[in-house]
Amino acid sequence: MTFTLATWNINSVRLREALVCRLMRDEAPDVLCLQECKSPVEKIPMEQFRALGYEHVVARGQKGYNGVAIFSKMPIEEVRAGDYAGLGHARHIAGRLANGVTVHNFYVPAGGDVPDRAVNEKFGQKLDFLTHMRDDFAANRPARAILVGDLNIAPREDDVWNHKALLKIVSHTPIEVEHLAQVMAAGDWVDVTRQDIPEGRLYSWWSYRSPDWDTADKGRRLDHVWATPDIAPAARGSRILRAVRGWEQPSDHAPVFATFDL
DNA sequence: ATGGTTGCGAGGCAA
């Protein structure tokens with residue numbers, strides 16, 4: 001059985017309802033994971049998505065900030081919603097699909113501007129969130145699982161437009177990359193996007209602050225698709241839909257896709 | 001070193 005999954009930081013699911021519908025209609029992933037819904041769950045426009053075949057959803061939300069949701073064409077049951085680092089934020093939801101695959105959808109804290117936890121509390125919270133993720137997966141080793149989301153870290157040199165220029169910029173600092181590597185090791189996760197596309201620069205986010213994002217191309221790969229080793233070999237066809245970043249009134253993130261032949 | 005833009009929600013905060 002084949003299924004396709006996508007992850008997209010939507011930056012307000014209510015403002016961009018039409019864009020979500022367009023992606024659902026044009027690309028029709030079996031599972032669509034959103035982050036930064038910025039909406040209470042009861043105000044997500046479920047009916048419009050349901051009409052496009054996404055009849056099943058698990059979600060966590062809060063007013064104005066954060067929020068994660070998994071829309072699925074096949075049945076999904078919630079298995080957990082973690083409160084990593086005890087922030088009380090809606091940044092994680094996990095569901096088990098009818099095909100037996102567990103999907104973790106994460107929105108890791110961005111971490112503020114200064115990469116020093118002594119002067120920037122948000123950076124400490126980001127590191128603590130990642131440490132908590134690591135401990136969680138070490139204590140409960142995932143199987144037949146996929147982890148997606150806006151992890152707010154671009155780990156590789158070719159995941160950013162300029163490695164040296166970004167070494168002290170939050171999202172690409174060595175300490176963040178090390179924390180992310182420990183999360184990966186704890187769950188034995190495989191980076192599916194880079195398994196499929198091992199070479200070359202790859203970005204999923206371009207700042208709103210760049211007037212001509214496409215030409216300047218100062219991007220970062222902040223959005224990820226991982227899988228456990230029992231199903232990672234079944235992954236193929238990963239792609240980042242850069243064109244979506246150029247849609248009318250876009251999110252600053254592009255959706256990331258992967259297909260699994262299970 | 002700074003400023004650049006966007007969303008939420010009505011002034012600044014978060015990204």
A/Leu19 meets the side-chain contact (heavy atoms from CB on, under 4.5 Å) criterion, sequence neighbours left out, with A/Trp8, A/Arg16, A/Trp247
The criterion is side-chain contact (heavy atoms from CB on, under 4.5 Å); which residues satisfy it with A/Asn140, sequence neighbours excluded?
none
Expressed in angstrom and rounded to an integer, what is the separation of [X] atom [atom1] from [N] atom [atom2]?
| X | N | atom1 | atom2 | answer |
| --- | --- | --- | --- | --- |
| A/Asn11 | B/dT5 | CG | C1' | 11 Å |
| A/Lys168 | B/dT2 | NZ | C1' | 17 Å |
| A/Gln62 | B/dC8 | CD | P | 14 Å |
| A/Ile10 | B/dC8 | CD1 | P | 11 Å |

Is the shortest distance from a Lys or Arg side-chain nitrogen in A/Arg239 or A/Glu27 to a carboxylate oxygen in the other one below 4.0 Å?
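Between A/Glu27 and A/Arg239 there is a salt bridge, with a charged N closer than 4.0 Å to a carboxylate O.
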With sugar-phosphate taken as primed atoms, P, OP1 and OP2 and all else as base, the protein-contact string of nucleotides 10-15 of chain B at under 4.0 Å (heavy atoms; B, S, -) is ----SB
Give every donor-acceptor pair under 3.5 Å between a side-chain atom in residues 67-75 of chain A and any protein atom, sequence neighbours left out.
unit_1	atom_1	unit_2	atom_2	d
A/Ser72	OG	A/Met74	N	3.1
A/Ser72	OG	A/Met74	O	2.5

Using the [atom1] atoms only, state how far [M] lies from [N], rounded to an integer number of Å.
| N | M | atom1 | result |
| --- | --- | --- | --- |
| B/dA15 | B/dG9 | C1' | 16 Å |
| B/dG4 | B/dA14 | C1' | 16 Å |
| B/dG11 | B/dT6 | C1' | 16 Å |

Which residue pairs pass the ring pair (Phe, Tyr, Trp, His ring centres under 6.0 Å) test when at least one of the two sits in residues 143-165 of chain A, sequence neighbours left out?
A/His163-A/His172
Name the nucleic acid region contacted by A/Arg16, choosing base, sugar-phosphate or nothing; use a 4.0 angstrom heavy-atom cut-off, strictly under.
sugar-phosphate
Can you give each donor-acceptor pair under 3.5 Å made by side-chain atoms of residues 254-262 of chain A, sequence neighbours left out, with the distance rounded to 0.1 Å?
unit_1	atom_1	unit_2	atom_2	d
A/Thr259	OG1	A/Thr4	OG1	2.8
A/Asp261	OD1	A/Thr2	OG1	2.5
A/Asp261	OD1	A/Arg236	NE	3.3
A/Asp261	OD1	A/Arg236	NH2	3.4
A/Asp261	OD2	A/Arg236	NE	2.6

